[in-house]
Amino acid sequence: MGIHNLAKLIADQAPAAIKEGEMANYFGRKIAIDASMSIYQFLIAVRQNGENLTNDSGETTSHLMGMFYRTIRMIENGIKPVYVFDGKPPQLKSKELEKRLERRTEAEAEKTKAADAGDGEAFDKFARRTVKVTREHNDDCKRLLTLMGVPYVDAPTEAEAQCAALVKQGKVYGVGTEDMDALTFGADVLVRHLTFSETRKMPIREYSLTKALQGLGINFEEFTDLCILLGCDYCDSIKGIGQKRALDLIKQHRNIETILKNIDKKKYAVPDDWAYEQARQLFKVPEILPADATDLKWTEPDEDGLVSYMVKEKGFS
DNA sequence: CGTGTCC
DNA sequence: TCCTCTGGCGCAAGACACG
DNA sequence: TGCGCCCGAGGAC
């Protein structure tokens with residue numbers, strides 16, 4: 001996920017792009033959030049004895065618990081969240097997704113083994129690795145959000161791309177995410193640690209794309225190529241080229257084509273059939289909804305409906 | 001601040 | 001020698017209330 | 001799984 005070491009590179013090379021603050025600074029602000037990513041985190045973190053929380057019927061409730069409290073906290077602080085759900089992943093990501101499926105299958109086997117051996121600790125560890133966000137999880141959360149009066153958007157493909165689009169379209173102030181590729185998709189404002197600032201001792205960090213570009217001394221096209229060199233989900237990167245060399249090369253040659261013409265390919269092996277051009281296209285013109293296709297409205301919660309859903313259906317108290 | 005509980 | 005990347009390891013990934 | 005941290009192996013200078 002994300003762009004390898006991009007946060008570190010910005011912190012080192014363009015520190016002025018990062019602003020630290022607290023939740024109160026976001027009062028009245030609209031923030032786009034990757035719903036599927038949040039749900040994934042909740043499913044991994046909200047556990048008891050190695051298993052997700054469930055209601056009496058055995059349905060998982062960890063994701064509802066997490067999303068409910070987190071959303072309430074944001075609203076209490078005057079933040080207007082809009083959740084963005086993942087659509088179909090782009091073709092270019094299929095290799096990465098295959099890898100993830102393989103790892104899950106492997107973890108599934110290890111989990112069974114640990115259960116048979118009565119090793120609770122190992123069971124817990126591998127159970128977390130088998131987590132997959134399902135259609136049902138998403139639908140549950142959409143229902144919850146509707147009842148809470150919080151809008152959501154179904155992205156055509158990548159949620160982060162759609163979040164960035166909402167920023168570019170002026171519909172929200174920024175993207176609330178840990179995933180730095182929101183910047184690569186062109187979101188001017190990215191907010192990290194938005195929700196866990198008060199519980200943990202981690203300040204909210206706001207990244208400005210404009211200031212990052214200024215600090216790094218490159219333009220947005222060059223930034224896209226830089227991100228590909230650093231390592232993204234869509235293609236391999238060149239072994240031996242990390243944050244420093246990547247930035248130096250971009251500053252010197254301005255794009256990947258020129259870099260390829262100038263580097264010693266014996267020292268830096270370029271991946272076979274390197275799909276950097278397609279990756280670049282995905283970042284540059286991702287599939288997103290046009291501005292008039294999303295209507296973001298925050299309304300009063302349906303309290304009776306919430307009680308009925310959460311308490312009666314899902315077993316909350 | 002660590003620990004247990006939520007479902 | 002210095003710099004930079006790599007690869008190893010350990011850890012925690014939510015939110016809250018309570019003592 | 002990803003991240004921060006530390007260390008060693010190379011090239012870079």
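Letters go in sequence order (proteins before strands), and every chain restarts at 1.
Between A:Ile3 atom CD1 and D:dC3 atom P the separation is 11 Å, expressed in whole Å. Summarising the geometry, the separation between CE on A:Met37 and P on C:dG14 is reported as 11 Å, rounded to the nearest angstrom. Note: NZ (A:Lys125) to P (C:dA13) measures 17 Å, nearest angstrom. A:Leu6 places its CG atom 12 Å from the P atom of D:dG4, with the value rounded to the nearest Å. If you measure from atom CE of A:Met202 to atom P of C:dC11, you get 17 Å, rounded to the nearest angstrom. Nucleotide C:dA15 holds its C1' atom 12 Å from the CE atom of A:Met23, rounded to whole Å. Rounding to whole angstrom units, NZ of residue A:Lys265 and C1' of D:dG11 are separated by 19 Å. Here the P atom of nucleotide D:dG2 and the CZ atom of A:Arg192 are 13 Å apart, to the nearest Å.
Between A:Lys244 and A:Asp12, none of the side-chain N atoms (NZ, or NE/NH1/NH2) sits under 4.0 Å from a carboxylate O, so this pair counts as no salt bridge. With respect to A:Arg128 and A:Asp124, a salt bridge is recorded, a charged nitrogen being found less than 4.0 Å from a carboxylate O.
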Apply side-chain contact (heavy atoms from CB on, under 4.5 Å) to A:Ile218 and A:Leu213, showing your working.
CA-CA 5 Å; A:Ile218 59 180; A:Leu213 296 178; 4.2 Å; yes
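The closest side-chain heavy-atom distance from A:Ser237 to A:Leu229 is not below 4.5 Å. A:Arg143 places none of its side-chain heavy atoms less than 4.5 Å from the side chain of A:Lys314. Taking 4.5 Å as the limit, every side-chain heavy atom of A:Lys239 sits out of range of all side-chain heavy atoms of A:Tyr268. The shortest side-chain heavy-atom distance between A:Ser38 and A:Ile33 falls under the 4.5 Å cut-off. For the pair A:Cys235 and A:Ile228, the minimum side-chain heavy-atom distance is below 4.5 Å. Counting heavy atoms from C-beta on, the side chains of A:Leu183 and A:Ile10 come closer than 4.5 Å. Side chains of A:Asn77 and A:Tyr26 form no contact here, defined as non-hydrogen atoms less than 4.5 Å apart. A:Leu64 is listed as a side-chain neighbour of A:Tyr309, based on a closest heavy-atom distance under 4.5 Å.
Taking atom P on both nucleotides, B:dG2 is separated from C:dA12 by 11 Å, rounded to a whole Å. If you take atom P in C:dG7 and the same atom in D:dG11, they sit 14 Å apart, rounded to whole Å. Atom name P, nucleotides B:dC1 and C:dA13: the rounded distance is 15 Å, in whole Å. Between C:dG14 and D:dG4, the distance separating the two P atoms is 14 Å to the nearest Å.
Among the nucleotides C:dG14, C:dC16, C:dA13, the one closest to any side-chain atom of A:Arg70 is C:dG14. In the set C:dA13, C:dG14, D:dA12, D:dA12 carries the atom at the smallest distance from any side-chain atom of A:Tyr268.
Between A:Gln41 and the phosphate of C:dA13, there is no side-chain N or O to OP1/OP2 separation shorter than 4.0 Å. Close to D:dA12, at under 4.0 Å from its OP1 or OP2, lies a side-chain N or O of A:Lys267.
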Dot-bracket notation for DNA chain D, counting Watson-Crick and G-U pairs under 3.5 Å, with | for partners on another strand
||||||.|||||.
Give every pair of a protein N or O atom and an N or O atom of nucleotides 17-19 of chain C that lie under 3.5 Å apart, one pair per line with the distance.
none

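Atom CG of A:Asn255 is separated from atom CD of A:Glu222 by 8.0 Å, given to the nearest 0.5 angstrom. Remark: A:Phe42 CZ to A:Leu53 CG distance equals 12.0 Å, nearest 0.5 Å. Going from atom CG of A:Asn52 over to atom CD of A:Glu59 covers 13.0 Å, rounded to the nearest 0.5 Å.
With the 3.5 Å cutoff on both pairing distances, Watson-Crick and G-U pairs in DNA chain B assemble into runs of at least 3 at B:1-6 with C:14-19.
Residues that satisfy the side chain to side chain donor-acceptor pair (under 3.5 Å) test with A:Asn25, not counting sequence neighbours, are absent from this structure.
In this structure, A:His137 and A:His63 have perpendicular ring planes: the angle between them is above 60°, well past the 30° mark.
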Contact string for nucleotides 2-7 of chain B, one letter per nucleotide 5' to 3', B = base within protein heavy-atom range under 4.0 Å, S = sugar-phosphate only, - = neither, reads ---BBB
Return a single string for nucleotides 3-9 of chain C, one symbol per nucleotide in 5' to 3' order, where B is base contact, S is sugar-phosphate-only contact and - is none, cutoff 4.0 angstrom on heavy atoms.
-SSSS--
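Side-chain contact of A:Lys171 with A:Thr294: a donor-acceptor pair under 3.5 Å is present, judged by distance alone.
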